[in-house]
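Comments concern the structure below.
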Amino acid sequence: MAVITAPKLPSLKVGSRSCKGKSYFYLQTYTHHYDPKTKNSIRDSQKTVGKIVGGQKFGLIQWHDEFLDQYPDLRKLRSYKTAQGIEFKPLEDEPADKVGNLPKVEKKLAGAYWACSEALAQTGISDALHRIFGEYHRDLKLASIVMYMLIKRDGAVLHHYTPFSKIHYLPWLRELSDGQLGHLLSHVTHERLQQFFQALISGYYKNHQALYKYDAPKRLILALDSTSISTYSKALPEAEWGHNKDDDCLKQFNYLMLCDELTGMPLYGKLYKGNVVDVSTVKNLISDLELIFKDAEVKPELIFTTDRGYESSDNLQMFLRNGHDFIIRSKIDSAWVKDIVESVRDQFDDDNLHDEFTKQFMVTTTVEYKYDPFPVNGKNKQNSASAKLYAHVYFDESVYNRRHDSLRFNVNSARERFNAEVRKLVKTKTNSPENLTKINIGVTQHFIDTYCKFDSDGFAIIDNDKVKQRLKYAGVMVILSNVADTAKLAYLAYSRRMSVERNFQNFKASLRFNREHVGLHNSLQGRFLCEFIASAIYVLFQTRLAEYEKSDAAKKDKLIITDMSLPRIIDELDTIMLTCYHNGGYFDEISGKYRTIYEALQIPLPQTVLEGIKDENLTDEDEDYEEEDPEMIVRGEEL
């Protein structure tokens, strides 16, 4: 046997932790000083430098790499913790298959991980996560959940995360149990969520030119919309009965989203009670944005585009009072909006005002809108200020004709059925007023009562004035704005607002977030954050694929991206393997269609070698791993 020279090591102690019947033993260095007052040795600090393999108090020691770098002689020896202290043996004394420090090599799916990881970095989302949730590597754990949602596309059910993480390479290398996932999500509070959006918007502008190849705009057009998310939970205070946009007979809560119209990128999201209507959310939204943009490096001029659900006198005044521009589709139910339509109705047949691209007549007029610059609760509005609004009126003749044809068909069909019953009474000379009132043709009787009048024999005749009144605003759309001075400009901005609706379609259909399988309030904000980020990356990929399809490179490639849906593309990338070993790994060769897909997504090809998180950074002090268990105890003894 070779003579062993024991290396000189610093003071070490053994620490242990027990959790749910399992024990873990590790070695730590420490510093201390003598306190003359108490005449005791006071410990200053400690650091974990290795662990005892096998979960026993005595056995083979696996040193951390950083400690081995400080004491390289340990690499030539095998270290054991015994009752007498630490013993050393040369490596050649035992066969190689018994060496506990040999690196574990395994294959994991990592192609989709690489694309998602690069996208998180390019958009500034990973930076924002690190700034707000960096402690205990929670940013990496949240990013792992986001990738699970994108790749698995069953993100509402986090119960499947643990088996998923065993076969996929993720930012967080360790498994997370159901309890640890809930504990992690509970750290996403409303305050931290607001801080995240502030960091995200700041990073978005910082990376804007690199992302979209043009400077950050001085004006930011934000598409605003919301949707309802149903839930089976009976314990969420946000869940209320409301206008369910999926027609589910379930309680719901609402998601609000703001997207950059130019890119489709979601920049802000909010979760609120399910019984709050859209029109009531603008006041709080503006307050939230004031806080978010307060310390932003760049504060652009905000322009909000919304649909009819957000149009109200209070919201118009709110936008004007806070100096925000808007492009809002108006409901044609208030007297002053109806007056605007009537004032330009005679121009609906002027061919000079017909836009051949949209196939609509477009008329623009202006109005002086009065508002209260300094409202006081409990007092009537003092509309002492005024603003110039552009009222854009659109008339789509084809929409009018379709509705007219549909209504005429329904009324005529009902009229024929009704008159057939009247003819029976006339034939038997029993068509008295009393008998005529007893005629009922079922659900179509509504058309008779609403749009018909009657002759002396009781036969129904279509009342053309009533039909015209019903179709008075068919095909008519009104957009109000204080910034878009032409009808075509306002129409284009409103049309791009569809980007946020497409985001919600992705949110519910492609990523399957139409249900929230969550029962605890403290996990809801964290789940919403992960779903928001997953939706943002999904939109980014969609936008880039659409750009690629129009490029010259797409014409040269044999792979037709348009034949593949984005979920299919993610699935294709998910087949690329990573050979993992201690603190790193390398990807399989990337070629053929996989290279084309990465280029289309504007993602660099995977690096040959991937550096992972070192074990010494996964400290035992990570509170996400200290589950709430009264049986957990911490013990220690010095060597």
Side-chain angles (χ1 to χ4, degrees), residues 227-228 242-249 277-278 307-309 311 329-335 337-351 353-355 358-363 393-479 491 494-495 498 501 505:
T227 191
S228 61
H243 175 61
N244 194 301
K245 298 181 181 180
D246 294 327
D247 295 324
D248 293 332
C249 188
V277 296
D278 292 347
D307 63 7
R308 290 172 293 182
E311 190 270 329
R329 182 178 176 182
S330 174
K331 294 176 288 189
I332 310 177
D333 57 0
S334 57
V337 175
K338 290 180 179 179
D339 289 343
I340 291 173
V341 175
E342 295 307 316
S343 69
V344 300
R345 185 178 289 277
D346 58 350
Q347 301 180 59
F348 286 172
D349 58 357
D350 185 349
D351 289 340
L353 300 175
H354 190 266
D355 181 75
T358 62
K359 306 298 182 184
Q360 296 188 69
F361 292 92
M362 296 183 176
V363 187
V393 184
Y394 308 83
F395 176 63
D396 191 325
E397 203 170 20
S398 63
V399 172
Y400 176 86
N401 289 334
R402 286 199 303 271
R403 292 186 181 177
H404 188 193
D405 291 345
S406 176
L407 181 59
R408 182 171 53 198
F409 173 81
N410 288 329
V411 175
N412 268 324
S413 299
R415 184 172 66 92
E416 290 175 3
R417 290 184 59 192
F418 183 87
N419 288 344
E421 297 297 322
V422 174
R423 278 191 287 272
K424 294 178 182 178
L425 297 178
V426 171
K427 188 175 182 180
T428 59
K429 297 181 180 181
T430 57
N431 57 324
S432 62
E434 181 181 354
N435 288 335
L436 289 172
T437 58
K438 294 180 181 179
I439 297 176
N440 191 308
I441 55 174
V443 293
T444 56
Q445 180 68 33
H446 160 75
F447 296 104
I448 302 297
D449 299 337
T450 307
Y451 301 107
C452 291
K453 54 188 177 181
F454 307 94
D455 64 11
S456 58
D457 293 324
F459 288 100
I461 304 171
I462 296 176
D463 189 331
N464 291 319
D465 290 337
K466 291 181 178 179
V467 171
K468 289 180 180 178
Q469 184 64 29
R470 176 68 180 85
L471 298 171
K472 190 173 184 179
Y473 300 108
V476 177
M477 179 175 70
V478 178
I479 294 179
Y491 186 88
Y494 179 74
S495 298
M498 293 297 293
E501 292 192 4
Q505 184 178 3

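Only a predicted model underlies this, so the values are computations on that prediction, with no experimental measurement involved.
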Contact check, side chains of R417 and Q445, non-hydrogen atoms, under 4.5 Å
no

In the structure I gave you, are the side-chain heavy atoms of I439 and I448 within less than 4.5 Å of one another anywhere?
no

N419 side chain to F459 backbone, donor-acceptor under 3.5 Å
no

Between K453 and D463, which heavy-atom pair has the shortest distance, and what is it?
CD-OD2, 4.2 Å

Under-4.0 Å salt bridge between E416 and R423:
no

Would you say the side chain of D351 lies within less than 4.5 Å of the side chain of F361, judging by non-hydrogen atoms?
yes

Is the NZ or CZ atom of R345 both under 6.0 Å from the centre of the six-membered ring of Y473 and within 45° of that ring's axis?
yes

Under 3.5 Å: donor-acceptor pair, side chain of S413, backbone of N410
no

Between N435 (side chain) and N431 (backbone), is there a donor-acceptor pair under 3.5 Å?
no

So, T450 side chain and F447 main chain: donor-acceptor pair closer than 3.5 Å or not?
no

Which pair of heavy atoms, one from A414 and one from I441, lies closest together, and at what distance?
O-CD1, 3.4 Å

Interatomic spacing from OG in S398 to NZ in K359 - rounded to 0.5 Å:
10.0 Å

Atom of V337, atom of S330 and distance for their closest heavy-atom approach
CG2-OG, 3.6 Å

Test of understanding: with salt bridge (charged side-chain N to carboxylate O under 4.0 Å, His left out), list the residues that count as partners of D455, not counting sequence neighbours.
none

Going by heavy atoms in the side chains, are V393 and V476 under 4.5 Å from each other?
yes

Could you tell me if the side chain of M477 sits less than 4.5 Å from the side chain of D396, heavy atoms only?
no

State, yes or no, whether a side-chain contact exists between I332 and V478 at a heavy-atom distance under 4.5 Å.
yes

What are the two closest heavy atoms between L407 and R470, and how far apart are they?
CD2-CG, 3.9 Å

Inspect the surroundings of NZ in K466 and state if more than 12 heavy atoms from other residues, nucleotides or ligands are less than 6.0 Å away.
yes

So, do F395 and V363 sit near enough that their side-chain heavy atoms are less than 4.5 Å apart?
no

Show me the pairs that pass salt bridge (charged side-chain N to carboxylate O under 4.0 Å, His left out) and involve residues 397-409, at least two apart or across chains.
D405-R408

What's the separation between atom CG in D465 and atom OH in Y451, rounded to the nearest 0.5 Å?
13.5 Å

Inspect the contact between R308 and E311 and indicate whether a charged nitrogen and a carboxylate oxygen are less than 4.0 angstrom apart.
no

CG/D457 to CG/L425 distance, rounded to the nearest 0.5 angstrom?
11.5 Å

Ring geometry between Y394 and Y491 (parallel below 30°, tilted from 30 to 60°, perpendicular above 60°):
tilted

Mind checking salt bridge (charged side-chain N to carboxylate O under 4.0 Å, His left out) for D355 and listing every partner two or more places apart, or none if nothing turns up?
K488

Nearest-0.5 Å distance, OG of residue S406 to CG of residue L471
9.5 Å

Would you compute the distance between atom NZ of K331 and atom CG of D307 and round it to the nearest 0.5 angstrom?
10.0 Å

Would you call M362 and L353 a side-chain contact if the rule is heavy atoms closer than 4.5 Å?
no

